[in-house]
Undergrad: 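Would you mind keeping the following structure in view while I ask a few things?
Here the structure is a predicted model, which means the values were calculated and not measured. Reckoned from all heavy atoms, side chains included, excluding hydrogens, waters and symmetry mates.
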Amino acid sequence: MPTDVRCLVETDESSAVVRLTGVLDLAGLDAVRGALLARLWQRPGAVIVDLSGVLIADPAARDVLDEVHRVASDWPAAGLLVLDPPGRPGGAAPVHRSLDAAQAALRDAPLAAVLTADLPPVVAAAREARAVVADGCARWGVPELAEPASIAVTEMVNNVVAHAGTPMTVRVAPRDGALHLAVGDHSHRRPAYAGLAPLTSTGGRGLLLIDTVARCWGSTPLPDGKVVWCVLHAEDEARLRS
């Protein structure tokens with residue numbers, strides 16, 4: 001049941017470990033979810049969530065870690081592991097009983113390289129974002145994804161310029177043969193996709209273009225804004241061209 005003791009999320013920019021302390025209950029899930037997602041977006045790379053100092057008041061509250069893990073798996077260069085000494089089984093997120101084991105898992109399966117650009121909300125930002133995407137596709141041996149990824153990032157960036165009007169961060173990274181792309185901004189206004197736009201429409205096709213070139217896409221709210229992301233696969237691009 002709810003408790004007056006908050007669950008605190010303690011982060012350290014010099015470490016991949018994020019510690020939960022206090023009491024994790026259903027009432028505090030939104031704050032914990034937001035803090036973990038913010039940490040994952042602020043610095044590329046996987047994090048280890050340490051549960052050794054937290055009391056889990058409701059077993060259902062533990063599911064927030066699996067939810068964050070699933071979200072992060074679609075972002076560029078992001079991931080979540082759980083350090084839980086009792087070894088309580090979870091769902092999607094990998095569980096380790098010691099810090100050494102969790103750190104070894106990070107070393108054994110390191111995330112790939114990532115490219116990041118911080119851009120202002122101006123029209124020229126789309127051109128700079130496309131250059132980052134093209135650079136990444138060339139570096140990582142997926143030149144066939146340069147065109148669809150450029151289409152997707154252009155629409156994401158233009159959406160920030162037109163509707164958010166805030167500084168943005170563009171991030172791209174490969175993973176398991178796919179290209180993961182995301183743009184974060186400081187507006188809570190999330191994109192709404194209503195399906196096919198009428199032929200007479202003068203706008204609203206941006207999300208349709210992303211939906212066409214990407215296998216999956218979505219938006220995730222953060223405490224100070226949002227992240228819009230998509231995942232592109234080379235085999236999808238080959239199928240579209242055939």
Undergrad: Would you say the side-chain atoms of Thr166 pair up with the backbone N or O of His186, donor to acceptor, closer than 3.5 Å?
TA: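 A pair under 3.5 Å: yes.
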Undergrad: Between Arg97 and Asp84 (salt bridge meaning N to carboxylate O under 4.0 Å), is one present in this structure?
TA: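 Looking at Arg97 and Asp84, the cut-off is not met.
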Undergrad: Would you say the side chain of Pro120 lies within less than 4.5 Å of the side chain of Pro167, judging by non-hydrogen atoms?
TA: no
Undergrad: Before accepting this row, confirm whether a basic side-chain N of the pair Arg62/Asp66 lies closer than 4.0 Å to the acidic partner's carboxylate O.
TA: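 Result for this pair is yes, salt bridge flagged.
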Undergrad: Taking the side chain as everything from C-beta on, heavy atoms only, tell me whether Val68 gets closer than 4.5 Å to Val71.
TA: no
Undergrad: Do the side chains of Leu24 and Leu55 get nearer than 4.5 Å, heavy atoms only?
TA: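 With C-beta onward as the side chain, the pair stays apart.
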Undergrad: Take Leu222 and His188 through the test side-chain contact (heavy atoms from CB on, under 4.5 Å) and record every step on the way to the result.
TA: CA-CA 8 Å; Leu222 298 181; His188 291 288; over 6 Å; no
Undergrad: What's the spacing between Ser150 OG and Glu155 CD if we round to 0.5 Å?
TA: 11.5 Å
Undergrad: In terms of side-chain heavy atoms, does Arg171 have a donor or acceptor partner in Thr116 at a distance below 3.5 Å?
TA: yes
Undergrad: In Å, rounded to the nearest 0.5 Å, how long is the span from SG of Cys216 to CG of Asp211?
TA: 10.5 Å
Undergrad: Within a strict 4.5 Å, meaning less than it, do heavy atoms of the Leu20 and Leu8 side chains meet?
TA: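 No, side chains not in contact.
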Undergrad: Set out, in order, the CA-CA distance, both residues' side-chain angles and the distance that settles side-chain contact (heavy atoms from CB on, under 4.5 Å) for Asp135 and Val132, then state yes or no.
TA: CA-CA 5 Å; Asp135 183 16; Val132 172; 5.7 Å; no
Undergrad: Is there a donor in the side chain of Asp50 and an acceptor in the side chain of Ser52, or the other way round, less than 3.5 Å apart?
TA: yes
Undergrad: Using the side-chain contact (heavy atoms from CB on, under 4.5 Å) rule, take Met156 and Val160 through it: C-alpha gap first, then chi angles, then the decisive distance, then the call.
TA: CA-CA 7 Å; Met156 291 178 179; Val160 175; 6.0 Å; no
Undergrad: Consider only side-chain N and O atoms of Asp100 and Ser98, and report whether a donor and an acceptor are under 3.5 Å apart.
TA: no
Undergrad: Begin with the C-alpha distance, continue with both residues' side-chain angles, and end with the deciding distance and a verdict on side-chain contact (heavy atoms from CB on, under 4.5 Å) for Asp185 and Lys226.
TA: CA-CA 6 Å; Asp185 63 53; Lys226 67 178 176 297; 2.9 Å; yes
Undergrad: Are the side chains of Arg190 and Pro221 in contact, using a 4.5 Å heavy-atom criterion?
TA: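 The answer is yes; the side chains approach within 4.5 Å.
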Undergrad: Identify the residue among Leu181, Thr220, Val114 that makes a side chain to side chain contact (heavy atoms under 4.5 Å, CB included) with Trp75.
TA: Thr220
Undergrad: About how many Å separate CG of Asp74 and CZ of Arg215, when rounded to the nearest 0.5 Å?
TA: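 CG of Asp74 is found 11.5 Å from CZ of Arg215.
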Undergrad: Are Trp229 and Trp217 near enough that their ring centres are under 6.0 Å apart?
TA: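 So the answer is no for these two rings.
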Undergrad: Could you tell me whether the side chain of Val153 reaches within less than 4.5 Å of the side chain of Arg130, counting heavy atoms only?
TA: yes
Undergrad: Answer yes or no: is there a side-chain heavy-atom contact under 4.5 Å between Val49 and Leu81?
TA: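 They are not in side-chain contact.
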Undergrad: Looking at His69 and Leu80, would you say the former's side chain and the latter's main chain have a donor-acceptor pair under 3.5 Å?
TA: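 Pair found, side chain donor or acceptor close to backbone of Leu80.
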Undergrad: Is there a continuous path of hydrophobic side-chain contacts, each under 4.5 Å between heavy atoms, that joins Leu51 to Leu29?
TA: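 In one cluster: yes.
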Undergrad: I'd like to know if the side chain of His180 reaches the main chain of Pro174, judged simply by a donor and an acceptor atom lying under 3.5 Å from each other, with no hydrogens or angles considered.
TA: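 The answer is no, because no donor-acceptor pair under 3.5 Å joins these two groups.
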Undergrad: Is the backbone N or O of Ser73 less than 3.5 Å from a side-chain atom of Arg175, with the two atoms forming a donor-acceptor pair by type?
TA: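 Judged by distance alone, yes, a pair lies under 3.5 Å.
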Undergrad: Contact between Thr21 and Val9 at the side-chain level, heavy atoms closer than 4.5 Å - yes or no?
TA: no
Undergrad: Quick check on the hydrophobic clustering: are Trp140 and Leu232 connected, directly or via other members, by side-chain heavy-atom contacts under 4.5 Å?
TA: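 Same cluster: Trp140 reaches Leu232 through Ile, Leu, Val, Met, Phe, Trp or Tyr contacts under 4.5 Å.
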Undergrad: Return yes if some donor-acceptor pair links the side-chain N/O of Arg43 with the main-chain N/O of Glu13 below 3.5 Å, else return no.
TA: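 Here the side-chain-to-backbone pair exists.
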Undergrad: Applying side-chain hydrogen bond (donor to acceptor under 3.5 Å, both in side chains), run through Ser14 and Asp12 and close with a yes or a no.
TA: CA-CA 5 Å; Ser14 65; Asp12 179 357; 2.8 Å; yes
